[in-house]
Novice: 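First the structure, then my questions, so here it is.
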Amino acid sequence: MQRMSRLFGRTLRDDPAEATLASHRLLLRAGYVRPLGAGIYSMLPLGWRVQRRLEQIIREEMDAIGGQEVHMPVVQPADLWERSGRFHSVGPELARFEDRWGRDLVLAMTHEEVATDLGKWFASSYRQLPAVIYHFQTKFRDEPRPRGGLLRVREFTMKDAYSFDTDPEALEAAYQNFLTAYTRAFRRCGIEPTVVESDAGDMQGSAAHEFHCLTDAGEDTLVVSASGAYAANQDIAAARKPAFDHGPPRPIQKVATPGQETIQAVAAFLGVPTHQTLKAVFYWTGQQLVFVAIRGDLEVNESKLRRLLDVPEIRLAADQELDAAGLVAGYASPVGVDGVLVVADDSLQGATNLVAGANTPGYHLTNVNFPRDFQADHVGDIAQVRAGDRTLDTDEPLTLRPGIEIGNTFKLGAYYSEKLDARYLAADGQRRPIVMGSYGIGIGRLAAAIVERYHDDAGIIWPVSAAPFDVHVVQLGSGDVAADAERLSQELEAVGLSVLLDDRADRAGVKFNDADLIGVPFRLTVSKRTLNARNVEFKPRTSPDRTSIPRAQAAQAVHQAHAQALAALTPAAMPAAH
RNA sequence: CGGGGCGUGGCGCAGCCUGGUAGCGCACCUGACUGGGGGUCAGGAGGCCGCCGGUUCGAAUCCGGCCGCCCCGACCA
């Protein structure tokens with residue numbers, strides 16, 4: 001048992017000023033973590049116990065699908081990252097340094113390279129495949145802006161797993177196993193995950209999913225259909241674009257629109273709806289200026305644009321870059337521009353007689369028709385999905401939901417295997433690249449998501465599976481009371497429960513408030529009162545009600561309540577993995 | 001990287017404008033009373049006022065530079 005009088009950590013009576021999110025505030029205030037620098041935290045005993053519980057749940061689910069736990073280094077030779085191409089492609093979030101010999105090293109931000117290297121060494125033949133390895137390891141990512149306590153940090157522990165298979169079909173089977181294992185793991189932690197399709201990004205994979213905890217504290221925006229059948233990160237979400245009939249194409253006309261520089265202003269001035277206008281937005285890829293044309297009622301999604309152009313980075317163009325290209329913000333037009341890469345959203349196809357800029361200050365063109373009046377180098381879906389839009393296939397309404405990304409899965413395919421020459425000998429005698437998958441869960445972020453999901457004004461309300469202790473014994477008094485609280489704690493441990501014993505000399509109010517703050521699922525109070533009545537007071541953190549249970553049966557009763565709560569979190573048997 | 005805010009004891013803050021013994025609440029220590037939802041009284045301990053430089057007889061306070069932290073945005077396997 002852990003005595004609170006000896007616990008390394010302390011609760012705070014005042015909210016730390018820096019914390020705005022509930023999870024950040026409560027984890028600091030209840031003494032789970034202590035910040036060391038921006039996005040860098042020490043885990044105190046309470047926090048570390050939670051982390052280890054979460055790890056154990058995930059470990060069990062990884063083992064259940066045949067994963068084998070390993071431990072890969074954080075410090076890695078840069079050479080490996082040179083070969084995968086990421087040493088140069090990744091950017092400053094990858095921490096680089098030299099050892100005493102001047103050799104380049106990196107602090108791992110993820111472990112695809114090392115995993116691939118291990119796979120290459122191990123799987124010389126198809127007979128060794130499939131294989132899955134995983135580990136819990138520190139990652140360092142020099143994020144431009146850490147935020148929200150444990151939600152977005154620079155150093156953190158991740159469970160990352162890597163699957164090695166002979167071909168895409170086998171990868172698909174492994175991938176399905178992971179989707180199942182992840183869902184089970186998160187449910188056991190008290191979170192019903194929302195699984196969405198996502199952007200593979202730097203991972204270079206062919207398909208990717210994210211597991212989200214829906215909460216207002218989330219940094220990501222998810223597009224979810226009413227039935228839940230469709231769910232995607234807004235970065236890749238697609239939806240129907242309502243069509244509007246503006247009649248058969250008419251000849252272009254130039255009209256004076258003095259001072260009308262925004263879509264709203266121009267549309268109102270000319271008496272047309274915004275969906276009858278053409279919006280011009282300019283981006284800079286680092287190499288060239290991009291003229292983006294999209295229907296006036298829609299917004300550009302930069303992730304989609306970046307993928308369509310197949311460039312690593314993109315940002316809004318600066319005024320000087322526009323000037324250099326001879327473009328006039330507010331009156332720019334794709335009609336008659338040249339020397340600029342033109343990207344058209346597919347919303348322009350079939351949208352007739354639009355109002356566009358005239359490339360002359362104070363003038364617009366009416367009756368612009370694509371592709372009659374201008375050509376695009378790229379045409380595709382680059383529009384932001386809006387709440388109320390409808391799914392492509394089933395015409396269901398879509399909503400936007402904030403979510404915390406607590407896990408992700410990538411089908412890497414042969415990308416890293418080819419870069420690092422990780423090949424196996426197939427049954428037919430051919431050497432083929434190992435087909436890989438990569439699967440991550442951020443442990444600290446998961447803990448933070450759980451707190452976001454489970455708390456009230458008084459503090460954290462841990463699901464039994466994640467709590468730092470199973471039972472919080474509050475001892476109100478000394479002498480006989482203390483002796484009985486001690487005995488009770490031992491009885492609880494004897495039935496397999498972990499105990500936090502508040503043996504401090506503080507008053508009842510202080511102890512109860514701290515118990516609520518720390519959020520252990522079950523509270524038992526021992527006092528003169530309970531001693532005389534030969535009972536103890538029992539209170540689940542989830543309920544405001546206190547009940548008396550006979551002292552003699554206390555340990556058994558709590559054991560039972562705990563087992564029940566745990567069972568409620570354990571998913572029913574799911575389809576067995578292959 | 002842009003915008004905003006803030007660095008004074010473990011936490012929350014005042015003092016700074018108008019330079020002159022560093023203060024309040026909580027937490028902490030000692031004692032007494034109290035004893036089931038953040039008690040009362042008395043007495044204590046604890047601070048390079050983020051750092052460096054300048055102005056001045058004298059700087060937490062004025063000036064310059066730097067560093068750090070938080071929030072918003074950009075960004076983000």
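Every chain is numbered from 1 and lettered A, B, ... according to where its sequence line falls, protein lines coming before strand lines. Keep in mind the model is a prediction, meaning the values are calculated, not measured.
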Novice: Given rG39(B), rC69(B), rA74(B), identify the nucleotide with an atom nearest to the side chain of Arg145(A).
Specialist: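 That would be rA74(B).
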
Novice: Over all strands shown, is Ala515(A) touching base, sugar-phosphate only, or nothing at heavy-atom distances under 4.0 angstrom?
Specialist: nothing

Novice: In B/S/- notation, 5' to 3', how is nucleotides 6-14 of chain B contacted by protein heavy atoms closer than 4.0 Å?
Specialist: ----SBSS-

Novice: Considering every strand shown, what is the Watson-Crick or G-U wobble mate of rG53(B) when both distances are under 3.5 Å?
Specialist: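 Checking every strand shown, rG53(B) finds its partner in rC63(B), with both distances under 3.5 Å.
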
Novice: Between His209(A) and Asn408(A), is any side-chain donor less than 3.5 angstrom from a side-chain acceptor?
Specialist: no

Novice: In the strands shown, is rG46(B) matched to any nucleotide by a Watson-Crick or G-U wobble pair with both distances under 3.5 Å, and which?
Specialist: none

Novice: Give me, pair by pair, the N or O atoms of the protein and of nucleotides 42-44 of chain B that are less than 3.5 Å apart, along with how far apart they are.
Specialist:
none

Novice: Are Asn233(A) and Ser198(A) close enough that a side-chain donor and a side-chain acceptor fall under 3.5 Å?
Specialist: no

Novice: Grab the CG-P distance between Leu305(A) and rC75(B) for me, whole Å please.
Specialist: 11 Å

Novice: Between atom CZ in Arg29(A) and atom C1' in rC26(B), what is the gap in whole Å?
Specialist: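 Taking atom C1' of rC26(B) as the reference, CZ of Arg29(A) is at 11 Å.
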
Novice: Take atom CG in Asp310(A); do more than 12 heavy atoms of anything else shown fall under 6.0 Å from it?
Specialist: no

Novice: Looking at Glu405(A), is its backbone amide N or carbonyl O close enough to the side chain of Arg445(A) to form a donor-acceptor pair, meaning the two atoms are under 3.5 Å apart?
Specialist: yes

Novice: Could you give the distance from CG (Asp502(A)) to CG (Asp514(A)), rounded to the nearest 0.5 Å?
Specialist: 7.0 Å

Novice: Please report, rounded to the nearest Å, how far the P atom of rA27(B) is from the CG atom of Leu7(A).
Specialist: 18 Å

Novice: So, Arg504(A) side chain and Ser5(A) main chain: donor-acceptor pair closer than 3.5 Å or not?
Specialist: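 Not at all, since once roles are kept as given, no pair shorter than 3.5 Å links the two residues.
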
Novice: Just how far is it from atom NZ of Lys528(A) to atom OG1 of Thr530(A), taken to the nearest 0.5 Å?
Specialist: 11.0 Å

Novice: Kindly point out which of rC75(B), rU34(B), rG37(B) is positioned nearest to the side chain of Glu302(A)?
Specialist: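 So the nucleotide nearest the side chain must be rC75(B).
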
Novice: Quantified in whole Å, what is the P atom distance between nucleotide rA59(B) and nucleotide rC51(B)?
Specialist: 14 Å

Novice: Would one find more than 12 heavy atoms of other residues, nucleotides or ligands at under 6.0 Å from atom CG of Asp104(A)?
Specialist: yes

Novice: Write down the distance separating the C1' atoms in rU56(B) and rC62(B), rounded off to the nearest Å.
Specialist: 10 Å

Novice: How do Lys539(A) and Asp220(A) order along RNA chain B: which one's closest nucleotide is nearer the 5' end?
Specialist: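 Its nearest nucleotide being more 5', the pick is Lys539(A).
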
Novice: Under 4.0 Å between any heavy atoms, over every strand shown, what does Gly440(A) touch: base, sugar-phosphate, or nothing? Just pick one.
Specialist: nothing

Novice: Under a plain distance cut-off of 3.5 Å, with no hydrogens placed, do Arg541(A) and Tyr454(A) share a side-chain donor-acceptor pair?
Specialist: no

Novice: Could you state the atom-to-atom distance from NZ of Lys511(A) to C1' of rG35(B) in whole Å?
Specialist: 11 Å

Novice: Taking the same atom, C1', in rG9(B) and in rG46(B), what whole-Å distance lies between them?
Specialist: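 Their C1' atoms lie roughly 6 Å apart.
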
Novice: Hunt down the Watson-Crick or G-U wobble partner of rG31(B), both distances under 3.5 Å, from any strand shown, or write none.
Specialist: rC41(B)

Novice: Whole angstrom is fine here: how far is it from CG in Leu150(A) over to C1' in rC70(B)?
Specialist: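 After rounding, the reported distance stands at 16 Å.
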
Novice: Can you say whether a donor on the side chain of Arg523(A) sits under 3.5 Å from an acceptor on the base of rG37(B), or the other way round?
Specialist: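 Yes.
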
Novice: Could you check whether any side-chain heavy atom of Tyr32(A) comes within less than 4.5 Å of a side-chain heavy atom of Ile518(A), counting everything from C-beta outward?
Specialist: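 Yes, their side chains come closer than 4.5 Å.
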
Novice: When you compare rC63(B) with rA45(B), how far apart are their C1' atoms, in angstrom units rounded to a whole number?
Specialist: 37 Å

Novice: Taking atom C1' in both rC29(B) and rC70(B), what distance in whole Å separates the two?
Specialist: 33 Å

Novice: Can you check the Asn301(A) CG to rA74(B) P distance for me, whole Å?
Specialist: 12 Å

Novice: Should rC26(B) form a Watson-Crick or G-U wobble pair with both distances under 3.5 Å, which nucleotide is its partner?
Specialist: rG10(B)

Novice: Any side-chain donor-acceptor pair under 3.5 Å between Thr110(A) and Glu112(A)?
Specialist: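 The criterion, which ignores hydrogens and geometry beyond distance, is satisfied for Glu112(A) and Thr110(A).
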
Novice: Work out how far the C1' atom of rG10(B) is from that of rA27(B), and round it to whole angstrom.
Specialist: 7 Å

Novice: Is there a Watson-Crick or G-U wobble partner for rG73(B) with both distances under 3.5 Å, and which nucleotide is it?
Specialist: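 rC1(B) is the nucleotide pairing with rG73(B).
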
Novice: Taking atom C1' in both rC16(B) and rA60(B), what distance in whole Å separates the two?
Specialist: 7 Å

Novice: With a 4.0 Å cut-off on heavy atoms, is Gly407(A) in touch with a base, just the backbone sugar-phosphate, or nothing at all?
Specialist: nothing

Novice: For Phe291(A) and Phe282(A), run ring-ring contact (aromatic ring centres under 6.0 Å, His included): C-alpha distance rounded to whole Å, both residues' side-chain angles, the deciding distance at 0.1 Å, then the answer.
Specialist: CA-CA 5 Å; Phe291(A) 188 123; Phe282(A) 307 98; 4.9 Å; yes

Novice: Hey, is the main chain of Gln234(A) close enough, under 3.5 Å, to the side chain of Asn301(A) for a donor-acceptor pair?
Specialist: yes

Novice: Could you check how far OH of Tyr283(A) sits from P of rA74(B), rounded to whole Å?
Specialist: 11 Å

Novice: C1' atom, rC49(B) versus rC24(B): distance in rounded Å?
Specialist: 15 Å

Novice: Specify the residue among Ile314(A) and Thr11(A) whose closest nucleotide of RNA chain B lies further upstream toward the 5′ end.
Specialist: Thr11(A)

Novice: Need one value for Ser84(A): base, sugar-phosphate or nothing, where a base atom within 4.0 Å counts as base even if backbone is also close, heavy atoms only.
Specialist: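 Contact class for Ser84(A): none.
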
Novice: Once hydrogens and angles are ignored, does a donor-acceptor distance under 3.5 Å link the base of rG38(B) to the side chain of Asp506(A)?
Specialist: no

Novice: Could you state the atom-to-atom distance from CG of Asn513(A) to P of rA27(B) in whole Å?
Specialist: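 Spelled out: CG on Asn513(A) to P on rA27(B) is 12 Å.
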
Novice: For Arg401(A), does the CZ atom have more than 12 heavy-atom neighbours from other residues, nucleotides or ligands under 6.0 Å away?
Specialist: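 No, CZ of Arg401(A) has 12 or fewer neighbouring heavy atoms, counting only those of other groups under 6.0 Å.
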
Novice: Using a cutoff of under 3.5 Å, can you pull out all pairs of nitrogen or oxygen atoms linking the protein to nucleotides 50-52 of chain B, with atom names and distances?
Specialist:
none

